[in-house]
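One structure is given here, and the rest of the page talks about it.
Positions are given from 1, in the same order as the sequence printed here.
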Amino acid sequence: MIGGGPGGLYFAYLWKKRHPEDQVDLFEQNPADATWGFGVVFSDQALEFLRADDPETVDAIAPHMESWENITLNRGGDTVAIDGVGFSSIGRLELLQFLQKRALDAGVTARFDTQIHTIDQLNGHDLIVASDGLNSLVRRAYEGDFGTSLSYSSNKFVWYGTSKRFDTLSQTFVKTDRGAFNAHHYRYSPTMSTFLVECDHATWQAYGFAYKDVEQSKGVCEEVFADTLGGHCLVSNKSVWRNFPWVWNEHWSFKNMVLIGDALHSAHFSIGSGTRLAIEDAIALVKALESDAHLTTALHRYQAARKPVVQKLINAARTSAFWYEHFAQHMQLGLMDFAYSYITRSGRIDDSRLRAMSPAFMARYEAEKNGGDADREATA
């Protein structure tokens with residue numbers, strides 16, 4: 001394994017547990033206690049997928065997770081609750097430490113603080129699993145063979161934490177005299193929350209973020225979201241403005257090398273599925289390898305079984321990201337139309353599903369919509 005993120009650790013643990021006679025080596029360039037980002041969020045549906053394959057792991061981490069049932073939208077002092085959309089979250093470092101212990105207890109040989117510079121360093125291994133993220137050494141070394149494509153979303157975003165505790169996964173939209181901002185925020189521990197800020201490129205330029213350092217950028221964001229933060233500060237962890245990178249590979253393996261997680265594909269943070277996808281990739285890869293003794297055939301089986309599932313979710317993520325690239329325009333809608341536009345943005349939820357999933361929200365939305373139609377008819 002190259003890369004000790006959630007996907008790499010989970011594959012290493014799962015394979016070693018099921019095949020204790022095999023030698024499993026994991027190489028991670030960072031120390032064991034290092035992490036970027038803050039919280040990791042899973043939908044209830046994602047946890048159920050994982051529970052179906054590995055209930056032991058879900059039962060072990062569930063007591064350490066923060067959970068809620070609603071999404072909250074905030075705009076211009078108004079609030080809309082969208083019920084029935086359950087999520088759970090955990091600190092990224094806490095999740096990594098949990099998976100590290102599981103892998104080590106299973107007998108994985110983990111080498112932290114160890115950087116792999118060339119693939120030749122791994123000669124002698126039967127299989128190389130690249131879970132080394134967006135800047136994957138393995139993928140970059142063989143981009144043509146993997147059929148790699150890379151593009152970027154136009155919005156700028158920056159990832160912070162805060163000691164302000166939020167009740168639910170929330171979205172706060174703020175309009176200023178120089179443009180509009182959005183914050184994605186949710187608690188991941190009793191004392192900390194993730195706080196991701198984004199804006200379009202024009203707003204980013206208008207605020208001169210290109211010429212501001214980390215502290216100056218953080219100060220602007222604290223000012224823009226002062227009401228939301230309620231006196232709490234933002235916390236930086238290498239928090240720099242970025243454009244979201246879209247990574248995709250047509251071919252998931254080459255020779256004895258195979259990609260999983262962000263090394264293979266990236267899913268926009270607005271659907272919160274990056275960690276889920278990496279873990280599910282690991283599960284699918286284990287199943288494929290166990291189904292066929294011939295490595296090449298097994299790796300092709302992994303791609304054939306998993307690719308359609310991932311492609312569907314990535315397509316939804318791209319549609320969701322496109323909505324965020326134009327969120328300032330959507331903010332011009334009436335409050336409930338704006339909320340409806342938000343919750344249906346990925347194209348995966350129609351009215352009938354929304355009525356079943358979020359009955360209180362749909363009742364409010366449809367009552368206001370029907371009331372508005374009645375008012376227009378009376379006026380006419």
Are [X] and [Y] linked by a side-chain donor-acceptor pair shorter than 3.5 Å?
{"X": "Thr319", "Y": "Ser346", "value": "no"}
{"X": "His251", "Y": "Asn249", "value": "no"}
{"X": "Glu368", "Y": "Tyr340", "value": "no"}

Within the structure provided, determine whether [X] and [Y] are in side-chain contact (heavy-atom separation under 4.5 Å).
{"X": "His185", "Y": "Lys164", "value": "no"}
{"X": "Met257", "Y": "Arg139", "value": "no"}
{"X": "Leu137", "Y": "Ile116", "value": "yes"}
{"X": "Lys156", "Y": "His201", "value": "yes"}
{"X": "Ser154", "Y": "Asp200", "value": "no"}
{"X": "Lys218", "Y": "Ser239", "value": "no"}
{"X": "Met1", "Y": "Phe27", "value": "no"}
{"X": "Val138", "Y": "Leu259", "value": "yes"}

**OP:** Have a look at His330 and tell me which of Trp323, Tyr342, Phe338 forms a ring pair (Phe, Tyr, Trp, His ring centres under 6.0 Å) with it.
**Re:**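 Checked Trp323, Tyr342, Phe338 against His330; only one passes ring pair (Phe, Tyr, Trp, His ring centres under 6.0 Å): Trp323.
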Original post:
Is atom CG of Asp227 surrounded by more than 12 heavy atoms (other residues, nucleotides or ligands) closer than 6.0 Å?
Top reply: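 Atom CG in Asp227 is not packed in, count stays at 12 or less.
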Original post:
Hey, mind stepping through Ser193 and Thr162 against side chain to side chain donor-acceptor pair (under 3.5 Å) and telling me if it holds?
Top reply: CA-CA 5 Å; Ser193 297; Thr162 178; over 6 Å; no
Side chain to side chain donor-acceptor pair (under 3.5 Å) against [X], all qualifying residues, sequence neighbours excluded:
{"X": "Asp167", "answer": "none"}
{"X": "Ser149", "answer": "none"}
{"X": "Asn155", "answer": "Glu198"}
{"X": "Thr57", "answer": "Asp54, Arg102"}

**OP:** Test side-chain contact (heavy atoms from CB on, under 4.5 Å) on Tyr142 and Ile119 and set out the steps.
**Re:** CA-CA 10 Å; Tyr142 298 98; Ile119 307 301; 4.0 Å; yes
Can you pull the side chain to side chain donor-acceptor pair (under 3.5 Å) pairs that have at least one residue in [range], sequence neighbours excluded?
{"range": "residues 253-267", "result": "His265-Asp281"}
{"range": "residues 79-88", "result": "Ser67-Ser88, Asn74-Thr79"}
{"range": "residues 120-131", "result": "Asp25-His125"}

[Y] backbone acceptor or donor facing [X] side chain under 3.5 Å:
{"X": "Lys16", "Y": "Ala103", "result": "no"}
{"X": "Arg92", "Y": "Pro6", "result": "no"}
{"X": "Asn370", "Y": "Glu366", "result": "yes"}
{"X": "Ser291", "Y": "Leu289", "result": "no"}
{"X": "Gln100", "Y": "Ala32", "result": "yes"}
{"X": "Thr114", "Y": "Phe112", "result": "yes"}
{"X": "Gln216", "Y": "Asp213", "result": "yes"}
{"X": "Lys307", "Y": "Glu250", "result": "yes"}

Subject >> Listed partners of Glu69 passing salt bridge (charged side-chain N to carboxylate O under 4.0 Å, His left out), at least two apart >> reply: none
Original post:
For Glu223, what residues pass the salt bridge (charged side-chain N to carboxylate O under 4.0 Å, His left out) criterion, not counting sequence neighbours?
Top reply: none
Return the minimal non-hydrogen interatomic distance between [X] and [Y], and the atom names on each side.
{"X": "Asp292", "Y": "His294", "answer": "OD1-N, 2.9 Å"}
{"X": "Arg18", "Y": "Val286", "answer": "NE-CG1, 3.8 Å"}
{"X": "Tyr10", "Y": "Ala282", "answer": "CD2-CB, 4.0 Å"}
{"X": "Ala339", "Y": "Val80", "answer": "CB-CG1, 4.0 Å"}
{"X": "Thr168", "Y": "Arg187", "answer": "N-NH1, 4.0 Å"}
{"X": "Thr194", "Y": "Gly39", "answer": "OG1-N, 2.9 Å"}

Original post:
How far apart are the C-alpha atoms of Phe87 and Tyr186, what are their side-chain angles, what is the distance that settles it, and do they pass the ring-ring contact (aromatic ring centres under 6.0 Å, His included) test?
Top reply: CA-CA 10 Å; Phe87 288 92; Tyr186 57 87; 8.4 Å; no
Original post:
Regarding Arg318 and the six-membered ring of Trp246, is the cationic atom NZ or CZ under 6.0 Å from the ring centre and inside 45° of its axis?
Top reply: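 Yes, a cation-pi geometry.
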Original post:
Passes side chain to side chain donor-acceptor pair (under 3.5 Å), Gln171 versus Asn182? Steps please.
Top reply: CA-CA 7 Å; Gln171 301 272 328; Asn182 173 41; 3.1 Å; yes
Original post:
Side-chain heavy atoms under 4.5 angstrom apart, residues restricted to Ile, Leu, Val, Met, Phe, Trp, Tyr: same cluster for Trp252 and Val247?
Top reply: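 Trp252 and Val247: separate clusters.
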**OP:** Determine, stepwise, if the pair Thr109 / Leu104 fulfils side-chain contact (heavy atoms from CB on, under 4.5 Å).
**Re:** CA-CA 7 Å; Thr109 302; Leu104 293 173; over 6 Å; no
Scan the side chains in residues 46-53 for donor-acceptor partners under 3.5 Å anywhere in the protein, sequence neighbours excluded, and list what turns up.
from	atom 1	to	atom 2	distance (Å)
Arg51	NH1	Asp59	OD1	2.6
Asp53	OD1	Lys287	NZ	2.7

Original post:
By the rule that ILVMFWY residues connect when side-chain heavy atoms come within less than 4.5 angstrom, directly or transitively, which residues belong alongside Tyr160?
Top reply: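 When side chains under 4.5 Å apart are linked, the cluster holding Tyr160 also contains Val158, Phe166, Val174, Phe181, Phe195, Val197, Trp204, Tyr207, Phe209, Val220, Val224, Phe225, Leu229, Leu234, Trp241.
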Subject >> Under the ring-ring contact (aromatic ring centres under 6.0 Å, His included) test, residues paired with His19 that sit two or more places apart >> reply: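 With neighbours one apart ignored, the set is Trp15.
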Subject >> Candidate pair His268 and Ser153, rule side chain to side chain donor-acceptor pair (under 3.5 Å), full reasoning >> reply: CA-CA 9 Å; His268 194 254; Ser153 288; 4.9 Å; no
